[in-house]
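Nothing fancy with the numbering, it's 1 onward along the sequence. Keep in mind that the numbers below use all heavy atoms, side chains included, and drop hydrogens, waters and symmetry copies. Atoms within a ligand are numbered from 1 in the order they appear, just like the ligands themselves. The model shown is predicted, which means the values in this text are computed figures rather than measured ones.
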Amino acid sequence: MTEQSFEGLTATPIRRLADHVGERVLVQGWLYNLRSKGKLHFLQVRDGTGIVQAVMSVADVAEADFEAVKAATQESSLRVIGTVKTDERAPGGVELTVSRAVIVHVAEPYPIAKKEHGPDFLLGNRHLWLRSKRQMAILRVRDSVIRAIREFFHDRGFHCVDSPMFTPSACEGTTTLFQLDYFDDSKAYLTQSGQLYGEASAMALGKIYVFGPVFRAEKSKTRRHLTEFWMVEPEAAFYDLDDVMVLAEEFVAHIVRHVLRENRSDLADLERDVTKLEPAAGTPYPRVTYDDAVRYLHEHGHADFRYGDDFGAPHETVLGDAHDRPVLVHRWPAEVKAFYMKRDPANPKLALGVDMIASEGYGELIGGAQREDDFGELEKRLVEHELPREAFEWFLDLRRYGSVPHGGFGLGLERTLAWICGVDHLRECIPFPRMLYRIYP
Ligand code: 4AD
Ligand code: MG
């Protein structure tokens with residue numbers, strides 16, 4: 001006997017019930033909803049893998065079981081034994097005819113009812129909000145995307161290398177750094193990106209990826225910004241900007257194909273229009289230069305956009321909607337990009353950087369670049385960006401000992417999920433979001 005078994009039966013996940021038609025099974029979970037009609041209870045039971053309707057007739061069960069269920073509240077935990085029956089109208093194609101039901105715990109009145117709640121209330125109850133259908137679907141897609149990410153890089157010979165969270169310096173500009181005391185008089189920063197350590201690791205292993213949480217002190221309250229989010233950052237030796245763009249489009253197409261294959265029912269729970277997603281399963285993705293992108297903006301309602309600026313959300317929306325799949329914008333004015341990007345030999349005012357912008361207003365999914373691999377040039381960039389040289393001495397070493405052309409990118413996991421799931425706000429794409437004014441629960 002284990003907690004997984006009851007009355008000689010081992011629990012069957014709800015999503016597997018269709019494989020057990022006609023059998024007597026045990027389902028363990030929580031009461032999602034209860035409707036009673038005279039001698040019948042209709043229980044919606046969820047176990048994290050799905051939701052099933054369990055029909056309980058007073059004629060088939062012990063009276064005590066029937067009464068106990070009558071008193072059960074939303075989110076009460078329970079065990080149900082029943083026979084699996086096909087039912088075309090049911091979501092998973094099956095329902096249960098109950099022969100036993102045991103309440104494990106009667107829940108107190110549940111704060112999250114079926115009615116609409118405001119975002120502040122839901123975020124304050126995030127630990128409970130996770131149990132709703134939509135949030136469970138997003139969590140499952142997130143897990144699936146993470147699997148697709150690891151599978152893609154493993155299959156292509158990229159090794160996962162972890163980077164530190166405590167760092168001595170900035171990677172992506174000094175305005176979004178979280179600073180903390182690090183013993184005695186020394187300061188440390190929470191990492192904004194694992195890239196610099198990824199570059200060192202790529203010089204050891206050739207092809208690597210860093211995957212973990214990163215931190216940005218974003219002072220603006222937007223639906224696309226979190227202060228803690230997950231980034232996956234491949235980095236490869238002997239890659240130029242074109243190699244980086246090919247890797248980026250194949251990577252995102254792989255993720256989309258994986259989700260379309262594995263998460264159909266989750267996308268249905270989210271009411272995602274998958275026809276909007278399907279084109280992104282194919283490559284290539286369109287490529288436009290920054291210059292052409294600006295021209296396009298000027299012709300499509302943004303005549304006032306100033307050449308040389310970074311794109312804001314409205315600009316990204318217009319650019320993203322010009323195509324049926326994400327677009328790669330490359331060769332950016334060097335001033336708006338990070339210190340580590342290599343200049344375009346054809347025009348040194350431009351950096352060999354690339355952003356991938358999604359359609360439907362989901363904005364930038366990826367930022368990447370070919371890196372500056374020349375010692376002298378990189379030294380100059382540190383001065384121009386007023387970065388403390390001591391903290392970057394080790395990074396300069398990579399240009400002292402067998403420097404090679406190399407490049408990579410960072411994909412924001414939550415941005416990608418928001419786009420795939422068709423979710424407006426990043427706060428629903430990470431289990432416990434961290435934002436300006438939000439650190440509880
Ligand atoms: O464009 P970013 O800043 O690029 C880098 O950090 C590079 N060092 C990556 C690299 O080349 N290895 O960030 C990469 C991606 C963005 O495209 C976006 O998807 C996401 O990270 N991102 C955020 N996601 C949520 N909240 C924020 N505040 C984000 N800032 C960036
Ligand atoms: Mg960026």
(message) Between Arg371 and Glu235 (salt bridge meaning N to carboxylate O under 4.0 Å), is one present in this structure?
(response) yes
(request) Provide the protein N, O or S atoms situated under 2.8 Å from the Mg ion (ligand 2); waters are not included. (result) Glu364 OE2
Look at the rings of [X] and [Y] and say which category their plane angle falls in: under 30° parallel, 30 to 60° tilted, over 60° perpendicular.
| X | Y | result |
| --- | --- | --- |
| Phe153 | Tyr209 | parallel |
| Tyr307 | Tyr290 | perpendicular |
| Phe158 | Tyr239 | perpendicular |
| Phe339 | Phe392 | perpendicular |

(message) Would Arg140 and Asp143 count as a salt bridge (Lys or Arg N to Asp or Glu O under 4.0 Å) here? Give the steps.
(response) CA-CA 5 Å; Arg140 284 191 296 255; Asp143 166 64; over 6 Å; no
(request) List, ordered by chain and residue number, the protein residues whose closest non-hydrogen atom lies under 4.0 Å from any atom of ligand 1. (result) Glu172, Ser193, Gln195, Arg216, Glu218, Arg224, His225, Leu226, Phe229, Met231, Glu233, Tyr340, Glu364, Leu365, Ile366, Gly367, Gly368, Arg371, Gly408, Phe409, Gly410, Gly412, Arg415, Leu426
(request) Please tell me if the side chains of Leu328 and Pro286 come closer than 4.5 Å, counting only heavy atoms from C-beta onward. (result) no
(request) For Glu199 and His406, run side chain to side chain donor-acceptor pair (under 3.5 Å): C-alpha distance rounded to whole Å, both residues' side-chain angles, the deciding distance at 0.1 Å, then the answer. (result) CA-CA 8 Å; Glu199 288 187 45; His406 64 287; 2.7 Å; yes
(message) Set out, in order, the CA-CA distance, both residues' side-chain angles and the distance that settles side chain to side chain donor-acceptor pair (under 3.5 Å) for Thr49 and Asp47, then state yes or no.
(response) CA-CA 6 Å; Thr49 73; Asp47 70 348; 2.8 Å; yes
